[in-house]
Amino acid sequence: MSTSQPLYPSTALGKTSLIELPSQAKFDTLFLADGAGSNIDDVTKRFWIVSAFEPVTLFSAIATRTEHIGLVYTVSVSDNEPNLVARQLASLDHISHGRGGWNVVTTPGPGSLNLRVPKEEEKDSVAKAEQPLRVEQPIQGHPVIAQAGTSAEGMAFGGANADIIYCANYSIEDGQKTYHTYKSHTVAAGRKPDGLLILTDVAVVWGETQEEAERKLREVSDLWPIEVAVHNLGMGFVIGEVDLDAPFPQDYDRDAGSFRQTAERCSVGLGHRLLIGTTQSIADDLQAWIEAEATDGFAVIQPLVIDGLREFAEHIIPELQRRGLFRSEYEGKTLRENLDVPRPENYYTLLRKGAA
Ligand SMILES: Cc1cc2nc3c(=O)[nH]c(=O)nc-3n(C[C@H](O)[C@H](O)[C@H](O)COP(=O)(O)O)c2cc1C
């Protein structure tokens, strides 16, 4: 990285930490992905996932340093005991004064502990499932529910039950298909379509000019060892068995080039759509997705971590605000208020109404 031409000029946000910056930029949520740490081999032991804080512990700490931003973390229902998960989520919702959220995932395959709710005939021998939940009702009724299913069953579940869907699409056309599938499930479940927010993952690399953005992309790409980048393609490709300079065999990415380029871009964007450009071109792209009803918003991944986040806050957010596409102030106190998704009615009230 050049020192004579700083990539990241200091500004009013220059001294803000990773914890405070997203709230200053008025993001809705911080999101933590998580998963089982199985199958660590020579390649995967070099990933960040081998050393990551446990999400609810980390978010409980962050909750005490923030006021508005939502805190959505991932818990697999296959790997975690339901009563503990519910208690942790409810506790975080209280600690954060109504900003908790759960990304509900299942874990397939051998990495899963495969815990499950016991069948009726097993319940006598497995008392845990009967434990009362020893925590007050969460401030938001229950935490915001996020989901990222891609199977037909997953999409039906998300459309019927979730408040937020995270999805990874690479074209507006694919985004529109996902968007309309989910919203039709929401309507079929008797909910208003606006009660479900579709957020599409996008990895943003910003530059004053397109050339500067491309240069930053190359700098970040160079940080990925090529054997790890090839592994990240996730299709069973192994370094040594592929010709890195040959064209990539499938239409995996819009801008697929050689095998090496595709692997590097996949790694930089963590498998999600890469958006490399200037303030205008990035804002134009995001606006086009919103206007085409391909998404309701975005989960912004930062290949450049805090510097990329700072640039997004300093350049892209003000442009989106100028276009009337993004808030200038938080609307409410809880995450549900800020997302404008309904607070679920109390279970016992529903019971009294005969609706549960
Ligand atoms: C954008 C996105 C993010 C995801 N994040 C996680 C995650 O953090 N942890 C995880 O175990 N699975 C994650 N997944 C996987 C799905 O949530 C998982 O496949 C789902 O629980 C199973 O539903 P499905 O069979 O309908 O895909 C993610 C998927 C997508 C598309």
Side-chain angles (χ1 to χ4, degrees), residues 27-40 44 47-59 70-82 85 88-89 100-117 143-171 174-179 181-186 189 196-204 232-235 252-253 266-275 289 294-303:
F27 275 90
D28 291 281
T29 70
L30 290 172
F31 169 68
L32 279 180
D34 199 34
S38 60
N39 304 329
I40 303 290
T44 52
F47 290 6
W48 64 271
I49 52 163
V50 297
S51 174
F53 281 135
E54 189 284 312
V56 74
T57 311
L58 181 62
F59 270 173
L71 303 166
V72 181
Y73 67 96
T74 303
V75 186
S76 169
V77 293
S78 330
D79 288 354
N80 295 277
E81 195 275 306
V85 172
Q88 288 172 325
L89 283 162
W102 175 21
N103 180 37
V104 183
V105 302
T106 52
T107 310
S112 172
L113 296 178
N114 207 13
L115 299 177
R116 59 184 174 79
V117 176
V144 163
I145 300 296
Q147 203 254 358
T150 47
S151 65
E153 295 85 353
M155 292 173 91
F157 171 84
N161 297 291
D163 302 294
I164 292 175
I165 298 296
Y166 293 111
C167 53
N169 281 310
Y170 299 88
S171 70
D174 285 345
Q176 286 170 323
K177 279 187 210 144
T178 302
Y179 188 93
T181 303
Y182 267 115
K183 297 269 174 167
S184 61
H185 285 305
T186 307
L196 179 77
L197 298 173
I198 311 292
L199 304 185
T200 304
D201 291 356
V202 62
V204 177
N232 285 352
L233 287 168
M235 299 173 197
Y252 176 79
D253 186 299
C266 171
S267 294
V268 171
L270 299 179
H272 303 293
R273 186 170 74 100
L274 263 183
L275 183 50
W289 278 65
T295 194
D296 290 313
F298 299 92
V300 181
I301 293 157
Q302 288 299 341

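Fair warning: this is a prediction, and the values are worked out from it, not measured in the lab. We're numbering straight along the sequence, starting at 1. Remember, it's 1-based here, ligands and their atoms both numbered in the order they're listed.
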Problem set entry | Nitrogen or oxygen atoms of Thr150 and ligand 1 under 3.5 Å apart |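 Between Thr150 and ligand 1, an N or O pair is found under 3.5 Å apart.
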Do me a favour and list the nearest non-hydrogen protein atom to [atom] with residue, atom name and distance?
{"atom": "atom 1 (C) of ligand 1", "answer": "Asp201 OD2, 3.1 Å"}
{"atom": "atom 6 (C) of ligand 1", "answer": "Val105 CG1, 4.1 Å"}
{"atom": "atom 20 (C) of ligand 1", "answer": "Thr106 OG1, 3.9 Å"}
{"atom": "atom 2 (C) of ligand 1", "answer": "Ala148 CB, 3.6 Å"}
{"atom": "atom 5 (N) of ligand 1", "answer": "Asn103 ND2, 4.1 Å"}
{"atom": "atom 26 (O) of ligand 1", "answer": "Ser151 OG, 2.5 Å"}

Exercise. Can you list the residues that meet the salt bridge (Lys or Arg N to Asp or Glu O under 4.0 Å) rule with Asp296, with sequence neighbours excluded?
Worked result: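 Expected list: Lys183.
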Exercise. Looking at Thr200, Thr178, Asn169, which hits side-chain hydrogen bond (donor to acceptor under 3.5 Å, both in side chains) with Thr295?
Worked result: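 Going through Thr200, Thr178, Asn169 one by one, the side-chain hydrogen bond (donor to acceptor under 3.5 Å, both in side chains) with Thr295 is satisfied by Thr200 alone.
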Report, in ascending order of atom number, the atoms of ligand 1 lying under 4.0 Å from any heavy atom of [X].
{"X": "Thr74", "answer": "7 (C), 8 (O), 9 (N)"}
{"X": "Gly154", "answer": "26 (O)"}
{"X": "Gly149", "answer": "23 (O), 24 (P), 26 (O), 27 (O)"}
{"X": "Ala33", "answer": "8 (O)"}

Exercise. Can Tyr182 and Gln147 be said to form a side chain to side chain contact (heavy atoms under 4.5 Å, CB included), step by step?
Worked result: CA-CA 11 Å; Tyr182 267 115; Gln147 203 254 358; 3.6 Å; yes
Exercise. Does some non-hydrogen atom of the protein lie less than 4.0 angstrom from atom 16 (C) of ligand 1?
Worked result: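 Yes.
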Close side-chain approach of [X] to [Y], heavy-atom, < 4.5 Å:
{"X": "Trp102", "Y": "Val85", "value": "yes"}
{"X": "Tyr73", "Y": "Leu71", "value": "no"}
{"X": "Phe298", "Y": "Val204", "value": "no"}
{"X": "Thr106", "Y": "Phe157", "value": "no"}

Exercise. With Ser267, which residues qualify under side-chain contact (heavy atoms from CB on, under 4.5 Å), at least two apart?
Worked result: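 Once residues adjacent in sequence are excluded, the partners of Ser267 under the side-chain contact (heavy atoms from CB on, under 4.5 Å) criterion are Trp224, Ala229, Asn232.
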Exercise. Would you say the side chains of Thr74 and Asp34 form a donor-acceptor pair under 3.5 Å?
Worked result: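 No, Asp34 and Thr74 have no side-chain donor paired with an acceptor closer than 3.5 Å.
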For this session: Determine whether the side chain, the backbone, both or neither of Asp34 has a heavy atom under 4.0 Å from any heavy atom of ligand 1.
Result: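 The answer is the backbone of Asp34.
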